[in-house]
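Worksheet for the structure shown next.
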Amino acid sequence: MKFSEYFIPTLKEVPSDAVIPSHILMIRSGMIRQLTAGVYSYLPLGLRVFKKIENIVREEMNAIGGNEFYLPALSPNELWAETGRLEDYGDDIFRIKNRELVLAPTHEEVFTSIAKPNLISYKNLPQVWYQIQTKFRNEPRPRGGMLRARQFTMKDAYSFDADWEGLDTSYKDQGKAYRNIFTRSGLKFFVVSAFSGAMGGSESEEFMVEAEAGEDSVAISEDGSFASNIEVAKSYIDKVQRKNSNLPIEEFPTPNVKTIDELAEFLGITDKSRLAKSRLFVVPSKTEGKKDEYVLALVCGDDEVSETKLFNLFNGIRPAHPEELMEIAGADAGSIGPVNFKNKDVIIVVDYRLQDADELISGACKNDFHFKNIDFKRDVPRVRYEDIRTVKEGELTPDKKSKIRITKAIEVGHIFKLGSRYAEALGAKYLDENGKENVLVMGSYGIGIERIAAAYIEQNHDKDGIIWGGEISPFKIHLICVNPKIENVKNSADDFYKELINKGFEVLYDDREDMSPGVKFKDADLIGIPLQMVISEKNLKNSEIELKFRRTGERTRVGLSDIINSLPNYLENL
RNA sequence: CGGGGUGUGGCUCAGCCCGGUUAGAGCGCCUGGUUCGGGACCAGGAGGCCGGAGGUUCGAAUCCUCUCACCCCGACCA
C-alpha cells in the first residue's frame, strides 16, 4: 500500500477529547474518528487492524468446530420479552422508536430461536455457533475510546450441549481457543474467576489485560497462580482471636464520632480489627406485598464490605439510604451496631474474620454512643457468618503460597456456562437416546474485537506512538523513501517495494514526495509498524538499506541485494 | 442519574472575570521560492453566523436565562 494513495490522517497534537493512551493513539494514528459519544468511524488503518483480529478469532473458532453465522442486529421486542430481558436490560438496550424492535446488545435469544426448531435430537448435538457482528449497547457513560463504546464489534459464540458434561467440554474448548486468540494477538493476559456464587452459580471466567485504563479491579498473585475479580476474590487472612475474657458489655459516649478512623483516634488505638464496622443494606422485596428485608453487615474496622459478595448472597441488595437508618436501626450512620438494633428482624451477617470474636467495639444504635466488649457468641443471637469482605493488597492467596496484588485490568473476553436459562425460557428442547425430552444446555462466549486492539495499545506504546507486534499489526513493514525527489532513489524504492509485494510481504510504502523526512519518520513511529526499512540516497551509495525496529529503536544497515532473503528472520518475533 | 469541566477557522488553544475598532496565536491547508535523515525556512494567501435560542445594553465571544453537544469523576455495567 502506497502512503500517498492511502487515507491515514495522522495528528501531531493530542485530541482534546481523548485521555487514555489507546484512545489518543488510535485517533492520532488515523485509525478511528469519533462520530458521537461512544460511536466511532473506523478509518482504513483501524479497520485493517480490527479485521486482522477478526481473522484470528475466526480461525480459532473454526478450529474448535465453530459454525459462523451472521444474525441481524434488529430483533423483535417480543423475543426479548420472552426471556424477561427486555425489562432486565432496561435502558441499556437501544429501542427503535417507530417499530417494535430493539438493536441487539447480545444474541442468546436469536441463536436459541434458531436452535429450538433445529436442534431437536441428541444426534444434532453438540453445536458451536458464533458470529462476528456489530453490537449496540446504550452505555450510560461510554469511556476510554474503544474501551467502552455504544457500538462495537463482538465475537459472540454459543454452545449447545445435551448435558452439563457436554457443556464442560465446550467450555474448555472455548477457553483454549481464547488463550490462542489472545496469545496470537500479542496480549499479555490472565484469566480470572468470575464465579458469581448466586443461586448455585455458573462457572465463568474473564480474560483480562492488565492496564492502568482498565475498568475492573482484579486481585492477582505475585507468582501468577491466582487471579480473581476483586468483586469475588478471597484471600487467606487470620481471624480476630477470641479472648474469652467475658468482660461485661458497656455503653460509652462517643460524641461526633462517625467513622472507624475517628473512633480509633478517639480511643487512641491503631489496631482497628476489633472495631466492628456496621453497614446496613436493604434487600428489596421481589414479590408483591412482601416487605423488604434488612441486612446488617459487619466487618473488621480495617476492612471494607464487598457489596458484590453481599449482593450475591441475597440475590440483590442496595445500601440503605441515610434517611432510612434511624427508622430501621435506631441511629444514624456511625452509631449503628449489632446490639440494641431497633428492627429485630434484621439479618446480621458477619465476615468470617470476626467469627465468634469478643471484646469488640461497635455502635450502640443510639447516636453518639458505642458499646465495648461485644461478644458475638454471648450478645448477638442468630449471627450468620459469611465471606463479605474485600481482599486487600499484600494479603496471602487462599493457599498461602503467594501475596496478592490489586491491579486494574481490561476485560477482553468472557466465557460463561449459561446452563438452560434461555433454552428453558424459549422452550428449546431435544429428545435423548431414550426418547425423553430435555432442555438444551448452553454456554455463551464473548470477545470484544476493538477492545483487543485498545488493550494491545495500552500495553504496547511509548511516547512516540504505537508499537505493533504479534499478528495484529496493520502491516509488517513500513518502507520509507527519504528522498523521492531524487530520481534514482525513488526508482530504487519503487522497485524494492514491488519486490516486497511480489514476495508476499505486507508493506506500507511511504512514497510521499512533498513530505520532509522528519514527518515520515514521526508518522512511522506513530503508526508503529514493527519493522521500518529506510531507503535514502546515503544508504543507496553503499547499496544498503537501513532497518529500524520500532520496539527497541535499534537500527542496522544491510546490503540491499540480500535483504529479501533474510527478511523473514528479521520479522520473526516482532 | 449526581458532581465537575469544555464548546472560538481542519487541529490544539488564547481572549470572557472587568462588554467597546476589523476576533487572535501555533500547527495544518493553498501559491511561489529555498530546503531535503527526526514533525524545515522565507514571502504571500484562503478559511470564523465565537455550539444554539432568547434576553439585558447604544453596543455581547464577553453579562443573564434556557437549551444542545462533548469530556472527566462517581453511580450503573449477565
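Just so we're on the same page: letters track the sequence lines, and every chain starts at 1.
Where A/Arg512 and A/Gly38 each meet RNA chain B at their nearest nucleotide, the meeting point lying more 5' is that of A/Arg512. Between A/Gln34 and A/Arg137, the residue anchored nearer the 5' end of RNA chain B, judged by the nucleotide with its closest heavy atom, is A/Gln34.
The base of B/G37 sits with one of its N or O atoms less than 3.5 Å from a complementary donor or acceptor on the side chain of A/Glu546. With hydrogens and angles ignored, a donor-acceptor pair under 3.5 angstrom links the side chain of A/Asn539 to the base of B/G37. Between the base of B/G37 and the side chain of A/Asn483 there is no donor-acceptor pair shorter than 3.5 Å.
Looking only at distances, no side-chain donor or acceptor of A/Tyr171 sits under 3.5 Å from a matching main-chain atom of A/Ser159.
Inter-residue side-chain proximity for A/His107 and A/Gln133 is flagged as met; some heavy-atom pair is nearer than 4.5 Å.
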Self-check item: Contact letters for nucleotides 1-14 of chain B, in which S counts primed atoms plus P, OP1 and OP2 and B counts the base, heavy atoms under 4.0 Å
Solution: ----------BSS-
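Taking atom P in both B/G4 and B/U65, the straight-line distance is 15 Å, to the nearest Å. A distance of about 27 Å separates the P atoms of B/C13 and B/U67, rounded to the whole Å. Annotation: B/G10 and B/G52 have their P atoms spaced 13 Å apart (nearest Å). Spacing of C1' atoms, B/U35 relative to B/U22, comes out at 36 Å, to the nearest Å.
Ring geometry for A/Phe207 against A/Phe182 counts as tilted: the plane angle lies between 30° and 60°, on a 0 to 90° scale. In this pair, A/Phe416 and A/His414 present their aromatic rings tilted. The plane angle is within the 30 to 60° band. Ring geometry for A/Tyr6 versus A/Phe475: interplanar angle over 60°, hence perpendicular rather than tilted (30 to 60°).
The distance between atom CZ of A/Arg148 and atom C1' of B/A75, rounded to the nearest whole Å, is 13 Å.
With respect to A/Asp168 and A/Lys172, no salt bridge is recorded, no charged nitrogen being found less than 4.0 Å from a carboxylate O. The pair A/Arg557-A/Glu546 meets the salt-bridge criterion, with a side-chain N (NZ, NE, NH1 or NH2) lying under 4.0 Å from an Asp/Glu carboxylate O.
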For residues 72-81 of chain A, dump all side-chain donor-acceptor pairs below 3.5 Å to protein atoms at least two apart in sequence or in another chain.
{"residue": "A/Ser75", "atom": "OG", "partner": "A/Trp80", "partner atom": "NE1", "Å": "2.8"}
{"residue": "A/Asn77", "atom": "OD1", "partner": "A/Leu101", "partner atom": "N", "Å": "3.3"}
{"residue": "A/Asn77", "atom": "ND2", "partner": "A/Glu100", "partner atom": "OE1", "Å": "3.1"}

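Listed nucleotides: B/C76, B/C36, B/C71. Nearest to the side chain of A/Arg143: B/C76.
The base-pairing partner of B/U65, taking Watson-Crick or G-U wobble contacts with both distances under 3.5 Å, is B/A53. Pairing for B/G37 is absent, with no Watson-Crick or G-U wobble pair whose two atom distances lie under 3.5 Å.
At a threshold of 4.0 angstrom between heavy atoms, the contacts of A/Tyr422 with the nucleic acid are absent.
With A/Asp525 as the fixed residue, the side chain to side chain donor-acceptor pair (under 3.5 Å) test singles out one of A/Lys463, A/Lys520, A/Gln532: A/Gln532.
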Polar atom pairs (N or O), protein with nucleotides 33-35 of chain B, under 3.5 Å:
{"residue": "B/U35", "atom": "O4", "partner": "A/Lys485", "partner atom": "NZ", "Å": "3.4"}

